[in-house]
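Proteins come first, then strands; the chains are lettered A, B, ... in the order of their sequence lines, and each starts at number 1.
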Protein chains: 2
Amino acid sequence: MNDLLERVRAMGHRLTAPRRAVLEVLARERAHLTPEELHRRARRRYPKIGLVTVYRTLALLERAGLVERVHVEAHCKSFALVRLVGAHHHRLICRDCGRVEEFSDCALESTLKSLQKRTGFAIESHQVEVIGRCPECQ
Amino acid sequence: MNDLLERVRAMGHRLTAPRRAVLEVLARERAHLTPEELHRRARRRYPKIGLVTVYRTLALLERAGLVERVHVEAHCKSFALVRLVGAHHHRLICRDCGRVEEFSDCALESTLKSLQKRTGFAIESHQVEVIGRCPECQ
DNA sequence: GTCATTGCAAATCCTTTGCATCAGC
DNA sequence: GCTGATGCAAAGGATTTGCAATGAC
């Protein structure tokens with residue numbers, strides 16, 4: 001949590017109460033949340049916070065690479081904190097509670113290499129999302 | 001193309017001119033398109049078609065599993081035809097022209113097995129998206 | 001002829017912007 | 001105190017809905 005705050009500050013941004021509230025919610029809940037859900041929860045910590053600020057904070061955190069969109073739901077409206085910061089990472093998501101676990105060992109290298117050979121594409125990146133049910137929800 | 005039309009009809013839906021137009025565009029362009037782009041292109045085949053019908057057709061095709069959302073862009077607004085129908089499949093997408101290639105050999109079985117063991121999640125599905133530049137765009 | 005489908009307009013969301021005020025540093 | 005950040009209201013987009021007219025079967 002403190003490292004998150006430090007990161008925001010290090011990028012030259014101010015550490016304001018609304019930003020703290022959003023980051024605290026994201027860090028505490030290990031799930032992906034829509035801006036609306038995030039707003040509702042952040043309000044419990046800082047009642048004055050407006051939905052607009054949540055949007056702006058998410059945009060800031062996304063630019064900073066601290067938060068990413070999750071693609072399980074139809075419209076991809078929710079966000080989750082990036083934990084394996086900076087590193088190559090993917091997500092394992094509980095379809096019931098939305099809980100997010102990260103992992104980095106996707107073992108796709110050889111698959112990508114043969115794809116590249118077969119299609120002629122110059123492969124630049126990839127994303128994996130695994131859906132399941134977490135131990136608690138089973 | 002004809003198999004697509006047959007599928008729609010087989011599900012008990014009517015084969016109307018607007019639906020043909022949308023399917024033709026999706027089948028011809030090997031890329032992902034937003035509802036708006038799709039509308040613009042479909043209009044060339046059937047000028048009366050409204051944007052609303054494009055939305056409704058996409059919803060129908062998505063329910064039928066013939067079309068899926070693509071997640072490259074920030075808001076996941078675009079759709080692409082599913083080619084390896086029914087089968088397990090993933091996408092290789094050109095970041096410049098949006099062209100989509102499908103593949104099914106992701107070789108993730110052992111990765112998922114060990115993930116499942118490590119996290120206790122009951123894994124149900126996964127999706128992979130690979131981004132790169134196609135031969136033409138390089 | 002029947003009933004699903006369409007197009008239009010309007011409603012409804014979701015997200016972004018403009019602007020005066022506020023608060024970190 | 002300077003300047004970035006906030007909240008509010010309003011604008012802007014995207015998507016959905018209501019309804020009468022149309023067209024597939």
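- For the pair A/Arg7/A/Met11, no side-chain contact is recorded, criterion being any heavy-atom separation below 4.5 Å from C-beta on.
- When rounded to the nearest whole Å, the span between CG of A/Leu60 and C1' of C/dT16 equals 16 Å.
- Hydrophobic clustering (side-chain heavy atoms under 4.5 Å, transitive across Ile, Leu, Val, Met, Phe, Trp, Tyr) keeps B/Leu81 apart from B/Val100.
- Using a 4.5 Å heavy-atom threshold, the side chains of B/His75 and A/Cys76 count as separate.
- Note: CE (B/Met11) to P (C/dA4) measures 16 Å, nearest angstrom.
- For the pair A/Thr57 and A/Val52, both in contact range of DNA chain D, the more 5′-proximal nearest nucleotide belongs to A/Thr57.
- Rounded to 10 degrees, the angle between the two end axes of the helix from C/dG1-D/dC25 to C/dC25-D/dG1 is 40°, with five pairs used at each end.
- Residues passing the ring pair (Phe, Tyr, Trp, His ring centres under 6.0 Å) test with A/His126, sequence neighbours excluded: A/His88, A/His90.
- Follow the hydrophobic side-chain contacts under 4.5 Å out from B/Met1 and you reach B/Leu33 in the same cluster.
- With respect to the salt-bridge test (charged N to carboxylate O, under 4.0 angstrom), the residues B/Glu68 and B/Arg91 qualify.
- A salt bridge links B/Arg9 with B/Glu6: the distance from a Lys NZ or Arg NE/NH1/NH2 to an Asp or Glu carboxylate oxygen falls below 4.0 Å.
- Applying the side chain to side chain donor-acceptor pair (under 3.5 Å) test to B/Thr53 and every residue at least two apart in sequence or in another chain returns nothing.
- Protein atom CD1 of B/Ile49 is 11 Å distant from nucleotide atom P of C/dC8, rounded to whole Å.
- Two residues are said to be in side-chain contact when any heavy atoms from C-beta on lie closer than 4.5 Å; B/Val52 and B/Arg56 meet this criterion.
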Quick one: which protein N/O atoms are closer than 3.5 Å to N/O atoms of nucleotides 11-15 of chain C? Pair and distance per line, please.
from, atom 1, to, atom 2, distance (Å)
C/dT15, OP2, A/Tyr55, OH, 2.1
C/dT15, O5', A/Tyr55, OH, 3.2

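- In this structure, A/Leu58 places its CG atom 15 Å from C1' of D/dT6, rounding to the nearest Å.
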What string of B, S and - do you get for nucleotides 19-25 of chain D 5' to 3' if you count protein non-hydrogen atoms under 4.0 Å? ----BBS
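- Every side chain to side chain donor-acceptor pair (under 3.5 Å) that B/Arg99 has, sequence neighbours left out, goes to B/Glu101, B/Glu136.
- Contact of the B/Thr57 side chain with the B/Ile49 side chain is not registered, since no non-hydrogen atoms from C-beta on lie closer than 4.5 Å.
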